[in-house]
Undergrad: 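After the structure tokens below, expect a handful of questions from me.
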Protein chains: 2
Amino acid sequence: MSNTATTTEEHALQALRDSGLRLTQPRRCIIRALSRASEPLSPREVYQQLGEASCDQVTIYRCLGDLEQQGLVHRHEFGDGSTRYQLIAPDGGHSHYVVCRICQHRQPLDICPAPQLEASAAAHGFTGISHTLELFGVCPQCQQGSG
Amino acid sequence: MSNTATTTEEHALQALRDSGLRLTQPRRCIIRALSRASEPLSPREVYQQLGEASCDQVTIYRCLGDLEQQGLVHRHEFGDGSTRYQLIAPDGGHSHYVVCRICQHRQPLDICPAPQLEASAAAHGFTGISHTLELFGVCPQCQQGSG
DNA sequence: TTAGGTGCAAACGGTTTGCAATAAG
DNA sequence: CTTATTGCAAACCGTTTGCACCTAA
């Protein structure tokens, strides 16, 4: 897992600098936490990851908001009441999931209809397009358990 | 706008009956409010629509939850802090929107990658699949104002 | 008759806001 | 130096919960 040309983390840091936002300690830590996560993280989860490098939860909310506005993170709404964020790769890469309605288990999928969607939105004159996409269903295990 | 074979409203009422849920006054009114709306409605908006046929807001939350569980409404998360619901047509029809990040204006789109998505989720053994999909961007008018 | 549904009031919990103190550039 | 950013405390507000009463079937 050594870094390639430009890691997702480096990309985010550089983009922050370029956008004129200050590269503060909390922001570095939050970006690092996101980059190390294997799944999208909620503000609370980021907070828990931080440990000693901790900062106030409010700072996390604000930072994640900034990152989203800069198009550096992808937002997920898994329907459990809290928003989660995932660092977007330099090439725009991100994930989508199917969430089990019963046990909340998340299965990442290998699809993203983004191009098609963005074309449709662009046709109406919209720019700077992003999206949110989640699937919900009942996972194999929970199907057994309940009939 | 006279009704065809089966209106979306009738379909929902029948489905509720079939599922064993009781056809109460509040549920009828809420379904009617949804069927008359030209856009997805939040619990609060449903409440405001009801007028004299009013019921408690808590009842609306519960009813919308039931309808979603029965797969009769499509859930939308426009990112403004409240969930919105849209009655699903007998043929499964529903909409997706691009929401302007600046003025919150919503533009309905004519696309839905559902089949592709569901196939992907089904490949992982999930059943009873539904989805949530929203696009975000800057609308033509707001581009002029700030650009 | 009898579950399932509803209303009311109160609790919950994620997120936002105001403002003084702090640190990045 | 200057201004963006942070931390703390408190407010916000959509949503959920507990429980007694009501009503569809």
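Proteins come first, then strands; the chains are lettered A, B, ... in the order of their sequence lines, and each starts at number 1. Scope of the values below: all heavy atoms of this structure, side chains included, with no hydrogens, waters or symmetry mates.
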Undergrad: Roughly how many Å is it from CD in B/Gln70 to P in C/dG4, rounded to a whole number?
TA: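 About 14 Å, once rounded to whole Å.
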Undergrad: Rounded to whole angstrom units, what separation is found between the CG atom of B/Leu41 and the C1' atom of D/dT15?
TA: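 Distance check: B/Leu41 CG to D/dT15 C1' gives 17 Å.
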Undergrad: Determine whether more than 12 heavy atoms belonging to other residues, nucleotides or ligands lie under 6.0 Å from atom CZ of A/Arg17.
TA: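 Enclosed.
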Undergrad: Rounding to an integer number of Å, can you tell me how far B/Ile30 CD1 sits from C/dT6 C1'?
TA: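 One finds 10 Å between C1' of C/dT6 and CD1 of B/Ile30, rounded.
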Undergrad: Under 6.0 Å between ring centres: does that hold for B/His76 and B/Phe78?
TA: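 Aromatic pair counts; centres sit under 6.0 Å.
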Undergrad: What is the nucleic acid contact for A/Thr83, judged by heavy atoms within less than 4.0 Å: base, sugar-phosphate only, or nothing?
TA: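 Counting heavy atoms under 4.0 Å across all strands, the contact made by A/Thr83 is with sugar-phosphate only.
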Undergrad: Do other residues, nucleotides or ligands put more than 12 heavy atoms under 6.0 Å from the CD atom of B/Gln69?
TA: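 Not more than 12 within 6.0 Å, no.
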Undergrad: Produce a footprint string for nucleotides 17-25 of chain D: one letter per nucleotide, 5' end first; B if the base is under 4.0 Å from any protein heavy atom, S if only the sugar-phosphate is, - if neither.
TA: BB----BBS
Undergrad: Tell me what A/Cys55 touches on the nucleic acid: a base, only sugar-phosphate, or nothing, going by heavy atoms under 4.0 Å.
TA: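 Here A/Cys55 touches the backbone only, sparing every base.
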Undergrad: Round to the nearest Å and state the distance from A/Gln69 atom CD to D/dA4 atom C1'.
TA: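 My rounded result for the distance is 15 Å.
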Undergrad: From CZ of A/Arg75 over to C1' of C/dT15, roughly how many Å is that when rounded to an integer?
TA: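 In whole Å, C/dT15 C1' lies 13 Å from A/Arg75 CZ.
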Undergrad: Mapping B/Asp56 and A/Asp80 onto DNA chain C by nearest heavy atom, which one lands closer to the 5' end?
TA: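 The 5'-side residue here is B/Asp56.
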Undergrad: Just so I know, are the side chains of A/Cys139 and B/Phe126 near enough to count as touching, which here means a heavy-atom distance under 4.5 Å?
TA: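 Yes. Closest side-chain heavy atoms under 4.5 Å.
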Undergrad: Under 30°, 30 to 60°, or over 60°: which ring-plane class applies to A/His131 and A/His74, parallel, tilted or perpendicular?
TA: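 Rings of A/His131 and A/His74: perpendicular, over 60°.
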Undergrad: In terms of side-chain heavy atoms of A/Arg27, which of D/dT15, D/dT6, C/dG7 is nearest?
TA: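 Looking only at side-chain atoms, A/Arg27 lies closest to D/dT6.
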Undergrad: Can you tell me how far the OG atom of B/Ser42 sits from the OH atom of B/Tyr47, to the nearest 0.5 Å?
TA: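 One gets 13.0 Å once the value is rounded to the nearest 0.5 Å.
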Undergrad: Whole angstrom is fine here: how far is it from CD in A/Glu45 over to C1' in C/dG14?
TA: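 That distance rounds to 13 Å.
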Undergrad: Using 4.0 Å as the upper bound for N to carboxylate O, is an ion pair formed by B/Glu39 and B/Arg84?
TA: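 No.
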Undergrad: For B/Ile60 and C/dG7, give me the distance from atom CD1 to atom P, rounded to whole Å.
TA: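 Interatomic distance, CD1 of B/Ile60 to P of C/dG7: 9 Å.
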Undergrad: Taking only the side-chain nitrogens and oxygens of A/Tyr61, find out if one of them lies under 4.0 Å from OP1 or OP2 of C/dT15.
TA: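 Result: yes.
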Undergrad: Can you measure A/Gln57 atom CD to D/dC8 atom P for me and round it to whole angstrom units?
TA: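 Interatomic distance, CD of A/Gln57 to P of D/dC8: 11 Å.
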